[in-house]
Amino acid sequence: MLKLLILDRDGVINYDSDAYIKSVAEWIPLPGSIEAIAQLSKAGWTVAIATNQSGIARGYYDIATLDAMHARLRTLVAEQGGEVGLVVYCPHGPDEGCDCRKPKPGMLKIIAEHYKVPLAGIWFVGDSLGDLEAAKAVDSQPVLVKTGKGEKTQAKNLPVGTLIFDDLAAVAAELINN
Ligand SMILES: O=P(O)(O)OC[C@@H](O)[C@H]1O[C@@H](OP(=O)(O)O)[C@@H](O)[C@@H](O)[C@@H]1O
Ligand SMILES: [Mg+2]
Ligand SMILES: [Zn+2]
């Protein structure tokens, strides 16, 4: 079966900011994250992304800018010999009642349907409690990294069974070496 890993974006792949990541210039990979995705990809993993992007609804940046950030991610990973799979984002605001904004699992379902794999046990790596709750809602494996908002999230009441790693590089090492 397909080896699928789903990642949150801000705070896992790139630095996050309470002021949102509003441009390609502000989209800066965390140390080791690009290499981790490339190594996973080269080891046969399909790496997909599920990211809340309420900054779109808030008018902080537009879809073209968001797409440019993801093109940059794809280029950087490709330069390391890897590739990025499906990127799904929720452009809605917290009050729009959409089905895709985490902690709802809508984006995880879209990704699973795209790759025709069950979500049960699939690792979803995030830095926020909403990421972990989205995973739990569809019986995926919640995985917390301590980058981004992760250290603050670690102090909260985490879903039972949440795995905790320092960063995405540590997650990749675990999956590739075991
Ligand atoms: O971590 P992912 O899902 O990739 O993206 C998170 C971002 O969309 C932004 O999400 C916002 O939350 P609100 O959407 O305003 O509740 C804030 O937490 C920002 O700091 C953060 O940059
Ligand atoms: Mg995040
Ligand atoms: Zn949405």
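Hydrogens, waters and symmetry mates play no part in the numbers below; they use all other heavy atoms, side chains included. Each residue takes its place number in the sequence, starting with 1. Model, not experiment: these values are computed from the prediction. Each ligand, and each atom within it, is numbered from 1 in the order the structure gives.
Scanning the protein heavy atoms around atom 10 (O) of ligand 1, the nearest turns out to be Tyr20 CE2, 4.3 Å. Atom 8 (O) of ligand 1 has its closest protein heavy atom at Asn52 O, 2.5 Å. Closest to atom 1 (O) of ligand 1, if we only count protein heavy atoms, is Asp8 OD1, 2.8 Å. The single protein non-hydrogen atom nearest to atom 19 (C) of ligand 1 is Ser17 O, 3.6 Å, given as residue, atom name and distance.
The pair Asp127-Lys149 fails the salt-bridge criterion, with no side-chain N (NZ, NE, NH1 or NH2) lying under 4.0 Å from an Asp/Glu carboxylate O.
With a heavy-atom cut-off of 4.0 Å, Ser128 does not touch ligand 1 at all. Contacts with ligand 1 closer than 4.0 Å are made by heavy atoms of both the backbone and the side chain of Asp10.
Taking backbone and side chain together, Asp16 holds no N, O or S atom under 2.8 Å from the Mg ion (ligand 2). The Mg ion (ligand 2) has no N, O or S atom of Asp131 closer than 2.8 Å.
One hydrophobic cluster, built from ILVMFWY side chains closer than 4.5 Å, holds both Val77 and Val125. Hydrophobic clustering places Met1 together with Tyr115 (ILVMFWY residues linked when any side-chain heavy atoms are closer than 4.5 Å, directly or through intermediates). Residues Val143 and Val84 share a hydrophobic cluster, clusters being chains of Ile/Leu/Val/Met/Phe/Trp/Tyr side chains in contact below 4.5 Å.
Centred on the Zn ion (ligand 3), the angle running from Cys90 (SG) to Cys98 (SG) is recorded as 100°, rounding to 10°. If you put the vertex on the Zn ion (ligand 3), SG of Cys100 and ND1 of His92 sit 110° apart, to the nearest 10°.
Each of Leu163, Leu7, Leu4 was checked for a side-chain contact (heavy atoms from CB on, under 4.5 Å) with Trp123, and the lone residue meeting it is Leu163. Between Ile49 and the options Val88, Ile13, Asp8, Ile111, a side-chain contact (heavy atoms from CB on, under 4.5 Å) holds for only Ile13.
Residue Arg101 has at least one heavy-atom neighbour below 4.0 Å for each of these atoms of ligand 1: 13 (P), 14 (O), 16 (O). Atom numbering of ligand 1 starts at 1 in the shown order; those under 4.0 Å from a heavy atom of Arg58 are 13 (P), 15 (O). Interface atoms of ligand 1 facing Lys149, defined by a heavy-atom separation under 4.0 Å, are 18 (O), 19 (C), 20 (O).
Between the side chains of Glu26 and Asn14, not a single donor N or O lies within less than 3.5 Å of an accepting N or O.
Considering backbone and side-chain atoms together, Arg9 places an N or O closer than 3.5 Å to an N or O of ligand 1.
The option with the heavy atom closest to atom 22 (O) of ligand 1, from among Asn14, Asp16, Val12, is Asp16.
The atom of Asp10 that is an N, O or S and sits closest to the Mg ion (ligand 2) is O.
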